[in-house]
Amino acid sequence: MPPLTAVTIAPARRLHGRLRVPGDKSISHRYAMLAALAEGPSTLSHFAPGADCRSTLACLRRLGVDIREGPAGTVTLLGRGLHRLSSPSAPLDAGNSGTTMRLLSGILAGQPFPATIVGDASLSRRPMRRVIEPIERMGARIESIDGRPPLTIHGTRLHAIAHRPDVPSAQVKSAVLLAGLHAEGTTSVSEPAATRDHTERALIAFGGTVEVDGFTVSVPGGQRLAGRSLAVPGDFSSAAFWLVAAAALPGSRVEIEEVGLNPTRTALLDVLRRFGARVAVQHAAVEDSTGGEPRGTVVVESDRMGTIEITPDEVPGLIDELPAIAALAAHGGEVTVRGAAELRVKESDRIAALVAGFRALGLDADERPDGFTIRRSSSGPSSPSGGVADARGDHRMAMAFAVAALAAEQPSTIEGADAVVISYPDFFETLDRLVRPSTKLGAP
Ligand code: S3P
């Protein structure tokens with residue numbers, strides 16, 4: 001398919017359908033990396049199809065891991081064991097993926113060779129001191145350009161640390177825990193707030209030992225992991241765009257099957273209930289292949305609409321859903337987010353990008369250092385006019401603007417819409433089917 005650089009979104013009255021979303025990006029990165037460090041083969045099904053997880057696979061291949069890709073998102077990796085990756089002959093390319101760069105830094109810190117990780121223009125602007133500082137305290141040395149990529153990691157024998165990051169970040173926690181696997185002693189991370197716990201669950205799934213005490217996670221070094229067969233659940237953060245659209249368009253009903261329901265990821269469901277949507281959740285049975293990751297079916301139907309205020313303590317549990325939540329404003333519910341300065345260092349400066357994009361679609365938006373308020377224009381017509389919004393190369397901006405554009409009076413254009421390849425390559429085809437329910441996905 002040719003790249004979708006600009007996509008036109010027609011206004012829509014409702015969304016209807018039942019679907020699965022692509023495999024979870026966060027979980028796919030972790031399963032691939034732990035499979036590489038495990039002993040024996042691992043088979044991962046419903047592996048995330050987007051470019052970010054492809055970057056992780058490409059980096060692991062460069063580190064000597066044998067990886068085969070089968071049909072329907074199945075990936076088989078032959079693990080090499082801890083400390084047994086190979087020295088790469090060229091830099092590792094993390095592309096647009098912060099998770100690839102930060103988590104791999106932790107792994108490479110414990111390998112007996114130096115390696116360089118590069119990224120695209122967006123990733124090259126993102127802050128890496130948050131992983132450099134703790135990893136260097138463990139004994140490795142990391143060269144960077146003033147705390148930004150490219151990173152050259154000089155791996156060594158590591159010693160355990162107790163790390164207390166200032167900012168809650170699952171990527172930082174995971175990087176330190178992965179380095180801790182290679183360290184002498186027990187490494188711990190004490191976070192200021194709970195963040196997604198996929199690394200902890202994945203370590204246990206691969207036969208590892210992890211101790212969790214409140215917001216402190218510890219891993220003993222030198223443990224052996226064993227290859228596993230695991231099924232990745234659907235990505236809740238991708239589902240979020242459909243859940244928000246269904247909540248916002250009266251008469252909608254969207255049912256998402258086999259989606260991840262890890263409680264560190266699903267805070268959006270309460271936000272949608274607060275907004276006035278009807279939300280039903282049905283958990284699926286736990287099986288060996290589910291790797292300790294809850295999953296099930298979520299149904300969202302629209303009902304009433306309210307205003308939404310996201311407070312700073314809610315932000316870590318909603319960090320990737322805030323762009324989708326912002327789109328509720330286009331459909332008539334004012335959205336205010338506070339305490340989310342971290343959004344400025346994501347794939348784009350998401351506060352600036354959201355404010356600019358929503359204004360371009362005909363909404364009123366206030367920008368603050370740590371958040372925003374977005375509402376329908378008080379001077380214009382009751383629906384936003386529509387317009388041309390720039391995704392600024394950020395997949396979640398493209399999808400948030402598309403959901404907002406469904407409420408507009410006129411068709412809108414999303415520039416840079418091809419960014420959806422990062423996490424949801426089929427996003428626009430799926431949107432098409434959900435707004436025209438007579439086709440394949442159909443009404444239930
Ligand atoms: C992720 C953690 C979050 C999230 C990102 C994926 C992960 O980033 O925003 O999309 O897989 O650990 P931070 O750790 O920077 O909060």
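Both ligands and their constituent atoms are indexed starting at 1 by order of listing.
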For ligand 1, does H198 get within less than 4.0 Å through its side chain, its backbone, both, or neither, judged by non-hydrogen atoms?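 The answer is neither; H198 stays 4.0 Å or more away.
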Heavy-atom distances under 4.0 Å decide this one: backbone, side chain, both or neither, for R196 against ligand 1? side chain
What atoms of ligand 1 come closer than 4.0 angstrom to any heavy atom of I319? 9 (O)
Could you list the atoms of ligand 1 found under 4.0 angstrom from a heavy atom of T99?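 With T99 as reference, the close atoms of ligand 1 come out as 6 (C), 7 (C), 11 (O).
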Residues [X], [Y]: salt bridge by 4.0 Å N-O rule:
X: E309; Y: R338; result: yes
X: R433; Y: E429; result: no
X: E321; Y: R350; result: no
X: R20; Y: E257; result: no

Starting from [atom], what is the nearest protein heavy atom, named by residue and atom, and what distance separates them?
atom: atom 12 (O) of ligand 1; result: R30 NH2, 2.6 Å
atom: atom 10 (O) of ligand 1; result: D320 OD2, 2.8 Å
atom: atom 14 (O) of ligand 1; result: S169 OG, 2.6 Å
atom: atom 1 (C) of ligand 1; result: Q171 NE2, 3.5 Å
atom: atom 11 (O) of ligand 1; result: S26 OG, 2.7 Å

Within a strict 4.5 Å, meaning less than it, do heavy atoms of the S97 and H29 side chains meet? yes
Heavy atom to atom 16 (O) of ligand 1, shortest distance: which of R130, K346, E342 holds it?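 Shortest heavy-atom distance from atom 16 (O) of ligand 1: K346.
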Does any N or O atom in A170 lie less than 3.5 angstrom from one in ligand 1, N or O only?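 Looking only at distances, the answer is yes, because the N/O contact criterion of under 3.5 Å is met.
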Give a yes/no verdict on whether any heavy atom in K173 is under 4.0 Å from an atom of ligand 1.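 No, K173 has no heavy atoms under 4.0 Å from ligand 1.
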Reference residue E133; test salt bridge (Lys or Arg N to Asp or Glu O under 4.0 Å); the match among R137, R130, R129: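 Exactly one candidate clears the test, R137.
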Residue pairs involving residues 119-177 (criterion ring pair (Phe, Tyr, Trp, His ring centres under 6.0 Å); sequence neighbours excluded): none
side-chain contact (heavy atoms from CB on, under 4.5 Å) partner of D235, the single match among V259, D24, I27: D24
